[in-house]
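The first residue in the sequence is number 1, and the count goes up from there. Nothing here was measured: the structure is a model prediction, and the numbers come from that model.
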Amino acid sequence: MTTERQHTHTARRRLLAAAAIAATITVVTTGCTKDPKAAPTTSGSSASPSPSADPQEAEKTALLGVYRTFWDSQKKVYATGSVKDTGIEKVATDKAYSKIQATRAYYVDNGSVMKGEPVLSPVISAMDMSKTPPASTITDCVDTTAYIQVNKETGEPVKTLDTKRRHVTTYTALKIGGAWQIRDLEIDRDATC
């Protein structure tokens with residue numbers, strides 16, 4: 001014969017077991033219905049960005065930052081006729097630095113400077129991080145319509161033979177000592193963009 005106490009104890013065990021099974025089913029079915037590769041959904045602004053599909057994205061971002069700094073420094077060189085306090089030596093090396101120096105000397109010899117702003121549209125067209133040192137290529141359609149050569153004294157535009165103001169330019173970059181540098185540049189005077 002079952003006592004009331006045994007009956008209460010058995011009922012309590014059945015309720016606990018049912019609760020445990022229900023909790024297990026909830027956890028298992030919730031875990032099974034979600035895509036394990038999908039990022040967890042969260043609300044609010046505290047959600048962190050999902051990892052980039054491109055493992056070289058950080059390197060590309062760093063290189064494009066150096067490229068923009070390269071152009072900012074180059075504009076200072078051509079606006080002043082001097083490399084002093086421009087920072088160009090930090091971002092340009094080898095042939096790129098030599099070509100900037102040669103162009104600077106041309107402007108100084110002709111009494112002119114560059115004024116205005118070029119429009120840049122850089123794209124990383126190649127990147128090889130397995131090379132020693134790592135290497136990359138940037139292709140840009142440089143639009144110099146509003147970036148012109150002017151007489152340093154009068155500010156008047158200088159007539160040039162090149163009437164095309166948008167050129168495809170290719171830049172070679174190397175990562176040396178942990179930092180990207182522009183090593184060379186080639187302007188395709190025949191290819192407009």
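Placement of W71 and I138 within a single hydrophobic cluster is found when ILVMFWY residues are connected by side-chain heavy-atom separations under 4.5 Å, directly or transitively. Connection of I187 to I100 is established within a shared hydrophobic cluster, with ILVMFWY side chains joined at heavy-atom distances below 4.5 Å, either directly or through further cluster members.
Annotation for I176 and Q181: closest pair CD1-OE1, 3.9 Å, computed over non-hydrogen atoms. Here the closest non-hydrogen pair linking S121 and D140 is N-OD1, 2.6 Å. Considering all non-hydrogen atoms of both residues, W180 and A173 come closest at CZ3-O, 3.8 Å.
A distance-only check finds no donor-acceptor pair linking the side chain of T86 to the backbone of V77 [under 3.5 Å]. With hydrogens and angles ignored, the 3.5 Å screen pairs no side-chain donor or acceptor of D94 with any backbone N or O of R183. Checked by atom type and distance alone, the side chain of K99 pairs as donor or acceptor with a backbone atom of L185 at under 3.5 Å. Proximity of a side-chain donor or acceptor of R166 to a complementary backbone N or O of C193 within less than 3.5 Å is detected. Panel note: side chain R165, backbone Y147; a donor-acceptor pair is recorded below 3.5 Å. Judged by distance alone, with hydrogens and angles left aside, the side-chain atoms of S125 form a donor-acceptor pair with the main-chain N or O of T137 at under 3.5 Å.
Counting heavy-atom neighbours within 6.0 Å of R104 CZ, excluding the residue itself, gives a total above 12.
Residue P134 is tested with M129, E59, M127 for a side chain to side chain contact (heavy atoms under 4.5 Å, CB included); the sole match is M129.
Counting heavy atoms from C-beta outward, V142 and L120 have side chains that approach closer than 4.5 Å. Counting heavy atoms from C-beta outward, T139 and V168 have side chains that approach closer than 4.5 Å. Proximity of Y78 to T103: side-chain heavy atoms (C-beta onward) are separated by under 4.5 Å at one or more points.
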Worked verdict on T145 versus D143 for side-chain hydrogen bond (donor to acceptor under 3.5 Å, both in side chains)
CA-CA 6 Å; T145 303; D143 182 349; 2.5 Å; yes
Dump the intermediate steps for side chain to side chain contact (heavy atoms under 4.5 Å, CB included) on I124 and S136, then the final yes or no.
CA-CA 7 Å; I124 307 285; S136 188; 3.5 Å; yes
Residues Y107, T80; criterion side chain to side chain contact (heavy atoms under 4.5 Å, CB included); working and verdict
CA-CA 10 Å; Y107 290 147; T80 64; over 6 Å; no
Using the rule given for side chain to side chain contact (heavy atoms under 4.5 Å, CB included), can you reason through Q101 versus V83, listing the C-alpha separation, both sets of side-chain angles and the distance that settles it, and then say yes or no?
CA-CA 8 Å; Q101 283 283 37; V83 295; 3.6 Å; yes
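In summary, the side chains of S130 and D128 do present a donor paired with an acceptor at a separation below 3.5 Å, with no hydrogens or angles considered. Between the side chains of T170 and E186, no donor-acceptor pair of N or O atoms lies under 3.5 Å.
To the nearest 0.5 angstrom, Y97 atom OH is 11.0 Å from S73 atom OG. For the atom pair CG (L174) and CG (D184), the distance works out to 10.0 Å, reported to the nearest 0.5 Å. In this structure, E117 CD and M114 CE are separated by 10.5 Å, a value rounded to the nearest 0.5 Å. To the nearest 0.5 Å, atom CD of residue Q149 and atom NZ of residue K115 are 12.5 Å apart. Between atom CD1 of residue I148 and atom NZ of residue K159 there is a gap of 10.5 Å, rounded to the nearest 0.5 Å. With rounding to the nearest 0.5 Å, the separation of NZ in K164 from CZ in R189 is 10.5 Å.
F70 and Y67 have parallel rings, their planes meeting at less than 30° on a 0 to 90° scale where 60° marks the start of perpendicular.
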